[in-house]
Amino acid sequence: MKISELFQLNELAIEDGKRYPKKRELYQKIVSSAGKHFIGIVGPRGVGKTVLLKQLALELPRTFYISVDTLEGDDLFEIARELGERYKVKSLLLDEIHFQPGYDRALKKIFDFLKIRVIFTSSVSLSLFDSTVDLSRRTTLEYLYPFTF
């Protein structure tokens with residue numbers, strides 16, 4: 001996918017984030033967290049993970065949103081490298097990361113070699129624990145639960 005297409009999708013995500021003014025408790029926890037660690041947001045489908053990322057894209061500076069299921073075999077590391085080096089992106093928001101084959105290796109490589117923070121979502125939390133690459137020291141997993149009434 002061309003970088004220009006990713007920028008168009010990022011702009012659409014930011015615009016969509018405006019539709020959701022109310023924020024879940026996890027939003028503030030993510031915004032206030034410090035450190036180099038990555039954050040993985042896991043939870044069942046439809047719980048609000050994508051909305052949370054779009055809200056972050058709207059309000060955090062130098063942040064870039066990518067819905068990973070729109071990538072067509074693109075190298076996640078190379079995308080992160082170009083966004084960080086060429087466009088000065090500081091935080092990369094990756095929605096539905098489990099759609100990227102070898103995402104665990106890509107995350108490790110990004111963590112080890114780039115100065116960019118990653119916040120990602122997945123509704124397939126089991127694959128995060130079954131990974132052959134140790135992400136435990138690099139990633140903090142946060143669970144987003146369904147709303148309660």
Given Y103 and V68, is the side-chain contact (heavy atoms from CB on, under 4.5 Å) satisfied, shown in steps? CA-CA 10 Å; Y103 72 87; V68 176; over 6 Å; no
In the hydrophobic clustering (ILVMFWY, side-chain contacts below 4.5 Å, transitive), which residues join Y20, or is it alone? V51
T63: partners by side chain to side chain donor-acceptor pair (under 3.5 Å), with sequence neighbours left out: none
Set of residues satisfying side chain to side chain contact (heavy atoms under 4.5 Å, CB included) with respect to K88, sequence neighbours excluded: R62
My understanding is that a hydrophobic cluster links ILVMFWY residues whose side chain heavy atoms are under 4.5 Å apart, including indirect links. Using that, what else belongs to the cluster containing I14? L58
Give every residue pair that meets the side-chain hydrogen bond (donor to acceptor under 3.5 Å, both in side chains) criterion with at least one member in residues 70-80, sequence neighbours excluded. E78-R81
Ion pair D112/K108, N-O distance below 4.0 Å: yes
Just jot down the salt bridge (Lys or Arg N to Asp or Glu O under 4.0 Å) partners of E15, sequence neighbours excluded, or say none. K18
According to a hydrophobic-cluster definition based on side-chain heavy atoms being under 4.5 Å apart (Ile, Leu, Val, Met, Phe, Trp, Tyr only), do Y143 and V47 belong together? no
Between T121 and D95: side-chain donor-acceptor atoms closer than 3.5 Å: yes
Atom CG in L114, atom CD in E82: separation rounded to 0.5 Å? 12.0 Å
Suppose we screen for side chain to side chain donor-acceptor pair (under 3.5 Å). Which residues come up paired with Q8, at least two apart in sequence or across chains? none
Any chance you could measure S91, atom OG, to I39, atom CD1, to the nearest 0.5 Å? 9.0 Å
Please list, chain by chain and in numerical order, all residues satisfying side chain to side chain contact (heavy atoms under 4.5 Å, CB included) with E25, sequence neighbours excluded. none
Ignoring hydrogens, what is the shortest heavy-atom contact between L56 and Y27? Give both atom names and the distance. CD2-CE1, 3.5 Å
Straight-line distance of I97 CD1 to S123 OG, nearest 0.5 Å: 12.5 Å
Working to the nearest 0.5 angstrom, can you tell me the gap between I41 CD1 and F120 CZ? 9.0 Å
Using salt bridge (charged side-chain N to carboxylate O under 4.0 Å, His left out), reason through K115 and E85 one step at a time and then give a plain yes or no. CA-CA 9 Å; K115 292 181 180 176; E85 291 174 4; over 6 Å; no
Side chain to side chain contact (heavy atoms under 4.5 Å, CB included) with L94: which of I119, L76, L71? L76
Criterion side-chain contact (heavy atoms from CB on, under 4.5 Å) on K29 and R24, from CA distance to verdict: CA-CA 9 Å; K29 186 175 182 180; R24 305 280 297 272; over 6 Å; no
Spell out, yes or no, whether F77 and L83 are grouped together once hydrophobic residues are joined by side-chain heavy atoms under 4.5 Å, including indirect joins. yes
Just jot down the side chain to side chain donor-acceptor pair (under 3.5 Å) partners of R117, sequence neighbours excluded, or say none. S33
Close side-chain approach of E59 and K23, heavy atoms under 4.5 Å: yes
Please name all residues satisfying salt bridge (Lys or Arg N to Asp or Glu O under 4.0 Å) with E96, sequence neighbours left out, ordered by chain then number. none
Output every pair passing ring pair (Phe, Tyr, Trp, His ring centres under 6.0 Å) with a member in residues 35-73, not counting sequence neighbours, ordered by first then second residue. F7-F64, F38-F111
Apply side-chain contact (heavy atoms from CB on, under 4.5 Å) to T139 and V118, showing your working. CA-CA 9 Å; T139 304; V118 175; over 6 Å; no
Quick check on the hydrophobic clustering: are L9 and L53 connected, directly or via other members, by side-chain heavy-atom contacts under 4.5 Å? no
In this structure, would V89 and L12 fall into the same cluster of hydrophobic residues linked by side-chain contacts under 4.5 Å? yes
Drop me the distance from R19's CZ to Q55's CD, to the nearest 0.5 angstrom. 11.5 Å
Shared hydrophobic cluster for I116 and I66 (ILVMFWY, side-chain gaps under 4.5 Å): yes
For side-chain contact (heavy atoms from CB on, under 4.5 Å), just list the numbers for I30 and Q28, CA-CA rounded to whole Å, side-chain angles, deciding distance to a tenth of an Å, and then say yes or no. CA-CA 5 Å; I30 290 171; Q28 192 56 44; over 6 Å; no
For residues 41-57, the salt bridge (charged side-chain N to carboxylate O under 4.0 Å, His left out) pairs (sequence neighbours left out) are D16-K54
